[in-house]
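In what follows, a structure is listed as structure tokens, so that the remarks can point back to it.
Quick caveat: nothing in here was measured; it's all calculated off a predicted structure. To find a chain, count down the sequence lines: A is the first, B the second, and so on, and within it residues start at 1.
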Amino acid sequence: MSVKILNNFFWIVFIVLICFFLQETKILVIGGINPNLILIALLLIIFFQKDFFPLLFSLIAVSVIFLIFIKFWLISLLVLELSVIIFYLFKKFLTGNKAVDFLIGIILISIFYHIAVVSFSNYYFSIRLVLSEIFYNLIFGFILWLVVEKFAIIYEKRT
Amino acid sequence: MKSLRKILSSLILLVLVLILIFSHNAVGIFLISFKKIATSFFESCEKSEVFKVIEIENNRLKLELSALREEKIKSSLSQYRKARVYSRYPFNDRARLIIDLGLRDGIKEGMPIVLMPGVILGKVIEVKKNQSEVITLFDPEWRSSVAIGLLRAKALLKGGKEPKLELIPRDIQLKEGDDVLNISPELPMNFSLGSLNNLSEAPHEVWRTADLETNYNPEIIEEVLVVFDFP
């Protein structure tokens with residue numbers, strides 16, 4: 001099942017922009033933890049699109065949006081994007097169940113991202129922070145997964 | 001007909017994308033105010049009578065305090081320059097801000113950033129033409145020396161979502177609520193960082209630890225002051 005609008009240039013930019021603003025304004029913060037919406041959006045694109053091109057385009061869109069609005073923190077973003085690409089290449093070795101693989105992706109990328117950022121700078125690693133973020137990402141990601149899946153079914157029926 | 005619908009939906013999306021790009025600040029402010037309204041609605045449902053009395057008292061004290069602060073700011077305006085906060089680090093692992101002053105405004109790396117005169121929030125770590133990056137004491141990379149209370153017990157402040165005070169000597173008597181003041185040479189002397197909270201008194205440990213209470217929410221800071229005449 002694929003969502004055709006995720007193949008559309010404007011839709012991808014629009015979705016990424018929405019995720020960026022929601023993440024940056026920290027409107028969804030609960031207990032000091034902000035869900036990683038950019039990661040969730042990129043993973044949704046991976047699982048609802050068969051080709052690499054929409055993912056590549058989304059990665060470019062995220063980078064451009066960061067460059068326009070924030071000229072700092074690009075290393076963190078590049079680490080996140082690199083994690084997503086690595087996951088894309090290795091996702092075929094997972095369970096094969098898309099929803100389960102999506103949730104596994106959230107866990108693996110969140111852990112890889114935090115470990116990679118720790119390696120770049122010698123800052124202290126908070127397990128509580130990482131676990132809380134993963135937990136929040138899983139809940140939020142699962143809800144979004146259900147919404148996008150429902151949307152895909154309706155769209156397929158209509159076309 | 002289908003292609004017309006596609007063109008129309010693409011055009012609408014293009015307009016939405018352009019609106020988001022050119023009015024991102026307004027969108028951000030709208031989202032934050034929406035969140036404030038939503039949270040205040042839920043909070044108001046839970047308030048008890050006792051809590052309301054405390055809140056009135058608290059508001060009165062806040063007003064008094066802000067009047068005093070305003071007076072203080074007016075008397076030392078030349079030392080500080082107001083900067084607006086552009087963005088916050090979007091991921092969870094750091095607590096950094098981007099402010100709207102940069103090289104063109106005379107900002108230099110290491111300049112202290114205060115929330116209000118005398119209250120340290122962070123320092124500038126990277127400067128670009130019109131913007132600067134600020135590391136705050138809520139960032140896990142933050143480390144600075146502090147003195148606690150009237151007896152000035154020396155300790156190490158470790159940044160994080162909940163900043164910690166470590167290496168507090170056991171022989172100096174301290175109580176919760178004691179002021180935590182800066183003694184690191186890269187920041188102004190005796191500027192406040194917050195107050196002592198949750199002091200641990202474990203008998204088997206050589207040093208004591210505590211939490212730093214800051215009395216403000218770093219997530220909603222919209223303006224800061226840059227200390228220009230330091231060092």
Problem set entry | Part of A:F20 within contact of chain B (heavy atom distance under 4.5 Å) | neither
Exercise. When you check the gap from the basic side-chain N to the acidic O, do A:R128 and B:E162 get nearer than 4.0 Å?
Worked result: yes
For this session: Search all heavy atoms of A:S76 against all heavy atoms of B:Y89 and return the closest pair with its distance.
Result: OG-OH, 2.5 Å
Exercise. Atom CG in A:N137, atom CG in B:N92: separation rounded to 0.5 Å?
Worked result: 8.0 Å
Exercise. Would you say the side chain of A:V117 lies within less than 4.5 Å of the side chain of B:R94, judging by non-hydrogen atoms?
Worked result: yes
Exercise. With no hydrogens and no angle check, is any side-chain donor or acceptor of A:K71 less than 3.5 Å from a backbone partner on B:K128?
Worked result: no
Problem set entry | Members of residues 96-111 of chain B whose heavy atoms come closer than 4.5 Å to chain A | B:R96, B:L97, B:I98
Exercise. Does A:E24 use its side chain to pair, donor to acceptor, with the backbone of B:P90 at less than 3.5 Å?
Worked result: no
Exercise. Among residues 30-42 of chain A, which ones touch chain B with a heavy-atom distance under 4.5 Å?
Worked result: A:G32, A:I33, A:N34, A:N36
For this session: Over 60° means perpendicular and under 30° means parallel, so classify the ring planes of A:F66 and B:F91, tilted if in between.
Result: parallel
Exercise. Does OH in B:Y216 sit with more than 12 non-hydrogen atoms of other residues, nucleotides or ligands closer than 6.0 Å?
Worked result: yes
Exercise. To the nearest 0.5 Å, what is the distance between CZ (A:F72) and OG (B:S87)?
Worked result: 9.0 Å
Problem set entry | Within 6.0 Å of CZ in B:R84, more than 12 heavy atoms from elsewhere | no
Problem set entry | Under 4.5 Å from any heavy atom of chain B - which part of A:I27 | both
